[in-house]
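Input: a single structure, listed below in structure tokens.
What you see below is based on every heavy atom in this structure, not just the backbone, and it leaves out hydrogens, waters and symmetry mates. Numbers restart at 1 for each chain; the letters A, B, ... are given by sequence-line order, proteins then strands.
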Amino acid sequence: MLSIELVRNNPDAVREALERRGEHAPLDTIVSLDAERRSLLTELEGLRAERNRVSREMGRMSERPAEMVEEMRRTGDRIRGLEERVKETEAGLETELMALPNLPLPGVPDGADETANTVVSTWGTPRTYEFTPLPHWDLGEHLGIIDLSRGAKLSGSRFFTLSGAGARLQRALTAWMIDLHVQEHGYREVYVPYLVRRDTMYGSGNLPKFADNLYHDEEDDLWLIPTAEVPLTGFHRDEILEPGTLPLYYVSHTPSFRREKAAAGKDTRGIKRVHQFDKVELYKLVEPDSSGQELEKLLEDAKDVCRRLDIPYRVVRLCAGDMGFPSAESYDLEMWAPGCEEWLEVSSCSNCTDFQARRANIRFRPQAGARPQLVHTLNGSGLALPRVLIAIMETYQQSDGSISVPDVLRPYMGLDTITP
RNA sequence: GGAGGGGUGGCCGAGUGGACGAUGGCGCCUGUCUUGAAAACAGGUUUACCGAAAGGUGACGUGGGUUCGAAUCCCACCCCCUCCGCCA
């Protein structure tokens, strides 16, 4: 959520920033709702002050004059009427504000969609093969480690099962990535619920706008998380972090559930885009001054995973129009998959500035006794599993159809080669 | 799911219709004393909103209601604890 003070005081700057994202926001409505709210509040609070004063006076009297009681009853009615109007105005204002995405930071390039994104760096050289590298769906089938049709049998299209060395590879990767982030990058591992309340989804920015992309249990009003970012944003909701607590680095491994309504028909082969996938998520709560630098570090931590796996990757800087709703600045990390011959997005690292912190009410106290301020939050995958699985399988495939296990994973896998 | 108990400031805990944002204790901060520290003593110590300021308003789990006036009474919901049932 954007700060109402910012919208009130700099509507033109906000409008301009939102335009860069292709958002044509009803800022005039917001500004006038805000003005209305404040004028109603002034009136309401005046009446309440009057009522408090008279009530106190009456408490001291032995006899309460009937006309005084009568007048206060009328004041009470006016107060109730005003409270009703304030509530309506605030609800309207909140609805409008909740619908606005975060503002892109000044350095974020212009552009309407992904065609305006820029590749900022590339690492590694794609290998050359003496044979035509197969896509993972073929490799997975030959090796008997990915079974798409059984996934479909159980749950429908875009679900998959892994078995044998495939399941083991995913588990090895997960454990290795978590260990790397905990032991070398300073993150604290957390285990979180995969079903969350409505409020938690509002905090991260997934509700109310993106309900279509979420699975929802009607009976208990619980929502399946589309990323660990959701529960991690809720982790410190309504807290004031004491001086010396920040920065906080968390890593969490969870499944992610996505309805992929908007992507109907896209990427239907293999396990690139599925309704349920596992992910190791990196999450940070930091002081506002450091969030730019922390984003660079977060991105480094994600890149480190690619480098240690020895898989070529590139870093893409997202333009203003292609960023996620809560993000102010984002980089995507893409791994090269030689079988399907494409760059696979395995991580998206974002600085959400105070956008989620304001929604989730996460603050910190800079020094003892100082006023609480909103933290900045950042998130990024480190990394998304099925796509890394794809990249590993396709990159490390051998002419006989087997897959050589990357060195770093061998201790976790207990074998060097995946064969049928 | 059933029965019972409970949710008050950073923590503990008092308060059952009127001067209570809330006694007291602990913790923390500042000062006095001390070579320094501890102890003792004194003062301070929630948060949001409206307002240029003075000041005002709200918040005692949440939302409604009763009342001139609600932490306190009523209703609904949420959460926690204990026991029973079920269960990995």
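Distance check on atom C1': B:G69 versus B:G55 gives 22 Å, rounded to whole Å. With P as the reference atom, B:A22 and B:U45 are 10 Å apart, rounded to whole Å. Nucleotides B:U62 and B:C78, compared at atom C1', are 7 Å apart to the nearest Å. Only the C1' atoms considered, B:A70 is 11 Å distant from B:G65, to the nearest whole Å. Rounded to whole Å, the separation between the C1' atoms of B:G24 and B:C73 comes to 27 Å. The gap from the C1' atom of B:C20 to that of B:C33 amounts to 36 Å, rounded to the nearest Å. The gap from the C1' atom of B:C84 to that of B:A48 amounts to 44 Å, rounded to the nearest Å. Here the separation of B:A53 from B:G7, taken at their C1' atoms, is 39 Å to the nearest Å.
Atom CE in A:Met72 sits 6.0 Å away from atom CE in A:Met58 (nearest 0.5 Å). Going from atom CD of A:Glu94 over to atom CD1 of A:Ile30 covers 12.0 Å, rounded to the nearest 0.5 Å. Distance CH2/A:Trp343 to OH/A:Tyr313: 10.5 Å, rounded to 0.5 Å. Taking CD from A:Glu229 and CG from A:Asn206, the interatomic distance works out to 6.5 Å, rounded to the nearest 0.5 Å.
Aromatic ring centroids of A:Tyr187 and A:Tyr250 lie 6.0 Å or more apart. Checked against the 6.0 Å centroid criterion, the rings of A:Phe160 and A:Phe277 do not qualify as a close aromatic pair.
Per the geometry, CZ belonging to A:Arg358 stands 18 Å off P belonging to B:U47, to the nearest Å. For the pair A:Arg48 CZ and B:A70 C1', the computed distance is 14 Å after rounding to whole Å. Distance A:Asp77 CG to B:U67 C1': 12 Å, rounded to the nearest Å. Following rounding to the nearest Å, A:Leu47 (CG) and B:G69 (C1') show an atom-to-atom distance of 15 Å. Across the protein-nucleic acid pair, A:Asp238 atom CG and B:G7 atom P stand 21 Å apart, rounded to whole Å. A straight line from CD1 of A:Ile79 to P of B:U67 spans 14 Å, rounded to a whole angstrom. The distance between atom CG of A:Asn52 and atom P of B:U57, rounded to the nearest whole Å, is 5 Å. For the pair A:Leu44 CG and B:G51 C1', the interatomic distance rounds to 15 Å; values are reported in whole Å.
Residue A:Arg37 is in sugar-phosphate contact alone, with no base atom involved, counting any heavy-atom pair closer than 4.0 Å across all strands shown. Residue A:Arg74 is out of contact with every strand shown, counting any heavy-atom pair closer than 4.0 Å. Residue A:Arg8 is classed as a sugar-phosphate contact, given heavy-atom separations below 4.0 Å to backbone atoms only.
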Just the atom pairs and distances: protein N or O near nucleotides 59-64 of chain B's N or O, under 3.5 Å.
residue, atom, partner, partner atom, Å
B:G64, OP1, A:Lys87, NZ, 2.7

Distances for protein N/O vs nucleotides 18-22 of chain B N/O pairs under 3.5 angstrom?
residue, atom, partner, partner atom, Å
B:G18, O6, A:Arg64, NE, 3.1
B:G18, O6, A:Arg64, NH2, 2.8
B:G18, N2, A:Ser55, O, 2.8
B:A19, N1, A:Arg60, NE, 3.4
B:A19, N1, A:Arg60, NH1, 3.1
B:A19, N3, A:Arg60, NH1, 3.1

Audit row: A:Arg73, A:Asp77, salt bridge (Lys or Arg N to Asp or Glu O under 4.0 Å) steps and yes/no = CA-CA 6 Å; A:Arg73 189 171 296 160; A:Asp77 291 340; over 6 Å; no

Dump the intermediate steps for salt bridge (Lys or Arg N to Asp or Glu O under 4.0 Å) on A:Glu43 and A:Arg85, then the final yes or no.
-> CA-CA 11 Å; A:Glu43 195 183 345; A:Arg85 289 179 62 199; 5.4 Å; no

Given salt bridge (Lys or Arg N to Asp or Glu O under 4.0 Å), test A:Glu16 with A:Arg20 step by step and report yes or no.
-> CA-CA 7 Å; A:Glu16 208 172 296; A:Arg20 293 183 62 209; over 6 Å; no

Could you go step by step and tell me if A:Thr42 and A:Arg37 meet the side chain to side chain donor-acceptor pair (under 3.5 Å) rule?
-> CA-CA 9 Å; A:Thr42 305; A:Arg37 169 180 167 271; over 6 Å; no

Run the numbers on A:Thr254 and A:Lys279 for side chain to side chain donor-acceptor pair (under 3.5 Å), then give the verdict.
-> CA-CA 6 Å; A:Thr254 72; A:Lys279 190 154 64 65; 5.8 Å; no

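With 3.5 Å as the limit, one finds a donor-acceptor pair spanning the side chains of A:His216 and A:Asp221.
Here A:Arg38 does not reach the OP1 or OP2 of B:C49: none of its side-chain N or O atoms lies under 4.0 Å away. Phosphate proximity of B:A48 to A:Arg371: present, with a side-chain N or O under 4.0 Å from OP1 or OP2. Proximity of A:Arg73 to the phosphate of B:G69: no side-chain N or O atom is located under 4.0 Å from OP1 or OP2.
Of the candidates B:U57, B:U67, B:C50, B:C50 carries the atom nearest the A:Leu41 side chain, counting heavy atoms from C-beta on. Side chain of A:Ala49, nearest nucleotide from B:C78, B:U57, B:C49: B:U57. In the set B:U47, B:C78, B:G56, B:U47 carries the atom at the smallest distance from any side-chain atom of A:Arg363.
Heavy-atom nearest nucleotides on RNA chain B were determined for A:Pro372 and for A:Gly46, and the one closer to the 5' end corresponds to A:Pro372. For the pair A:Thr42 and A:Gly76, both in contact range of RNA chain B, the more 5′-proximal nearest nucleotide belongs to A:Thr42.
Checked by atom type and distance alone, the side chain of A:Arg365 never pairs as donor or acceptor with a backbone atom of A:Leu241 at under 3.5 Å.
Among the candidates A:Arg258, A:His275, A:Arg259, the single residue satisfying the side-chain hydrogen bond (donor to acceptor under 3.5 Å, both in side chains) test with A:Tyr215 is A:His275.
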RNA chain B in dot-bracket, Watson-Crick or G-U pairs under 3.5 Å, [ ] crossing, | other strand?
-> ((((((((.[[[..)..(.....]]]((((((.......))))))(((((....))))).[[[[[..)....]]]]])))))))....

